[in-house]
Asks: 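Take this structure first; my questions come after.
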Amino acid sequence: MLAVIGGSGLVGLGQMKVTRREIARTPFGEPSGPLIFGQMNNAPVLFLARHGPGHVLAPHRVNYRANVWALRQAGATDILAVAAVGGIAENTGPGVIAVPDQIIDYTYGREHTFCDGSDRTVVHIDFTKPYSDELRDAIVAAAALASVSIVATGVYGATQGPRLETAAEITRMARDGATLVGMTGMPEAALARELSLRYAHLCVTSNWAAGCGNSVNAISHAAIDNTLDQSIGRVQEIIAALAGTFKVGS
Ligand code: HPA
C-alpha cells in the first residue's frame with residue numbers, strides 16, 4: 001500500500017476518498033497526527049501530515065520514528081514523502097518539482113534509528129542509494145502520465161532548522177553537491193530503509209535557498225506559502241497518477 005507523508009502545503013490529498021482515521025500507537029510514541037485511510041484512483045492510500053494537524057510540529061520536533069513505524073504497522077510498503085525545499089541549483093527555482101536521488105544529512109540530535117534499544121540488534125543498513133529506485137521510477141512515470149514536468153534527479157541536503165540557512169551555509173552545501181535544501185528528509189528516509197520500506201521524495205521548491213537565484217533579500221514566508229499554493233495542484237496530480245499504479249492486481 002502507498003503511504004503519503006504530507007509536508008508544508010500538503011495537509012491532505014484532494015482526490016482521496018477518506019474511509020477512516022486512526023490514532024496509532026507505536027513503541028516510539030505517537031505519530032504526528034491521525035493516519036488517514038482511503039482510496040485514490042481505485043487504490044488504497046494512507047496519508048499522514050508530517051507536522052501534525054494545524055502544522056504545529058517544527059522539523060526537529062517531529063517524531064519520525066513513530067511516523068514511519070505507524071505507517072508500516074498500518075500496512076504501508078511504500079512511502080512517498082512530500083517536502084517543501086529551497087532551491088540551490090539553477091534548475092531548481094521556485095515552483096519546480098524534483099525527485100532527488102541522493103541525500104546529505106546535516107541534521108543532529110534527532111532520534112535517527114530504531115536500533116538503539118537493548119532488545120534490538122544493530123543493523124547497518126546499506127544507504128548507498130538512500131531512495132528506492134523502483135519508487136522513484138514510478139513517480140517519474142506518474143508525472144509523465146499526469147503531464148507534469150519535473151526534475152528527475154537532485155541531492156537533498158537535510159538541515160536542522162527551524163531557521164533557514166545563512167548564505168555561506170548554502171554556498172558550502174552547493175560545494176558539497178546539494179541541489180535542494182529541506183529540514184525533514186532525515187532521519188525519515190533512513191528510518192524507512194531500516195524497516196525495508198520503499199521511500200522516495202517529491203520535493204516542491206518554495207523559494208530560492210539563501211543567497212541563490214535572485215534572493216539577495218530576506219526570504220519571505222508569504223512568498224513561500226504563495227509558491228506552495230500554486231504548486232500543490234501539480235503535486236496532487238502526480239500523487240493521483242502514482243496511486244493508480246498501486247491498484248490491487250496492477
Ligand atoms: N531551507 C530549508 N528548508 C526549506 C527551505 C529552505 O530554504 N524552503 C523550504 N524548506
Side-chain angles (χ1 to χ4, degrees), residues 4-11 32 48-52 54-62 64 67 79-110 112 130-131 150-151 153-190 199-236 238-239:
V4 177
I5 300 181
S8 303
L10 189 75
V11 290
S32 299
L48 174 63
R50 182 186 288 114
H51 298 281
H55 201 108
V56 286
L57 296 168
H60 64 293
R61 307 286 301 177
V62 170
Y64 296 96
N67 286 355
I79 297 179
L80 171 68
V82 180
V85 294
I88 299 176
E90 261 176 38
N91 64 345
T92 62
V96 167
I97 297 177
V99 182
D101 56 332
Q102 275 296 333
I103 295 177
I104 303 175
D105 187 8
Y106 300 91
T107 66
Y108 48 87
R110 300 183 180 189
H112 65 290
Y131 299 111
I150 59 164
V151 172
T153 56
V155 179
Y156 178 104
T159 57
Q160 179 72 356
R163 68 166 175 84
L164 296 167
E165 300 70 34
T166 66
E169 285 168 339
I170 293 295
T171 302
R172 182 184 73 156
M173 289 178 71
R175 233 176 10 241
D176 287 351
T179 63
L180 305 162
V181 55
M183 301 174 189
T184 55
M186 287 293 286
E188 203 172 78
Y199 179 99
H201 245 146
L202 191 58
C203 296
V204 190
T205 303
S206 55
N207 56 282
W208 282 115
C212 296
N214 53 7
S215 73
V216 280
N217 298 315
I219 300 167
S220 99
H221 252 281
I224 288 182
D225 289 345
N226 191 27
T227 309
L228 285 178
D229 279 354
Q230 284 175 19
S231 309
I232 226 66
R234 283 177 292 138
V235 170
Q236 300 259 23
I238 296 173
I239 297 173

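Ligands are counted one by one from 1 in listed order, and the atoms in each one are counted from 1 as well.
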Asks: Any chance you could measure Glu188, atom CD, to His201, atom NE2, to the nearest 0.5 Å?
Replies: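 Between Glu188 CD and His201 NE2, I get 6.0 Å after rounding to 0.5 Å.
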Asks: Could you identify the single nearest non-hydrogen protein atom to atom 6 (C) of ligand 1 and state the distance to 0.1 Å?
Replies: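 Going by distance alone, atom 6 (C) of ligand 1 is nearest to Leu164 CD2, 3.4 Å.
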Asks: Rounded to the nearest 0.5 Å, how far apart are CG of Asn207 and CD1 of Ile224?
Replies: 4.0 Å
Asks: Tell me the protein heavy atom at minimum distance from atom 4 (C) of ligand 1, and give that distance in Å.
Replies: Val181 O, 3.6 Å
Asks: Using a strict cut-off of 4.0 Å, indicate which atoms of ligand 1 neighbour a heavy atom of Asn207.
Replies: 5 (C), 6 (C), 7 (O), 8 (N), 9 (C)
Asks: From Met173 CE over to Tyr106 OH, what is the distance, rounded to the nearest 0.5 angstrom?
Replies: 4.5 Å
Asks: Name the closest protein heavy atom to atom 10 (N) of ligand 1, giving the residue it belongs to and the distance to 0.1 Å.
Replies: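 I find the closest protein heavy atom is Ala84 O, 3.4 Å.
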Asks: On a heavy-atom basis, I'd like to know which of Ala83, Gly182, Pro162 is closest to atom 3 (N) of ligand 1.
Replies: Gly182
Asks: As an exercise, identify every atom of ligand 1 less than 4.0 angstrom from a heavy atom of Glu165.
Replies: 1 (N), 2 (C), 6 (C), 7 (O)
Asks: Is there a side-chain contact between Pro59 and His51, using heavy atoms and a 4.5 Å cut-off?
Replies: yes
Asks: Atoms of ligand 1 less than 4.0 Å from Ser206 heavy atoms?
Replies: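 Counting from 1, the qualifying ligand atoms are 8 (N), 9 (C).
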Asks: For the atom pair NE2 (His60) and OG1 (Thr184), what is the distance rounded to the nearest 0.5 Å?
Replies: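 Rounded to the nearest 0.5 Å, the NE2-OG1 separation comes to 13.5 Å.
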Asks: Among protein heavy atoms, which sits nearest to atom 5 (C) of ligand 1, and what does the distance come to when rounded to 0.1 Å?
Replies: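 Going atom by atom, the protein heavy atom closest to atom 5 (C) of ligand 1 ends up being Gly86 N, 3.4 Å.
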Asks: Working to the nearest 0.5 Å, report the span between CG of Leu202 and CD1 of Ile239.
Replies: 6.0 Å
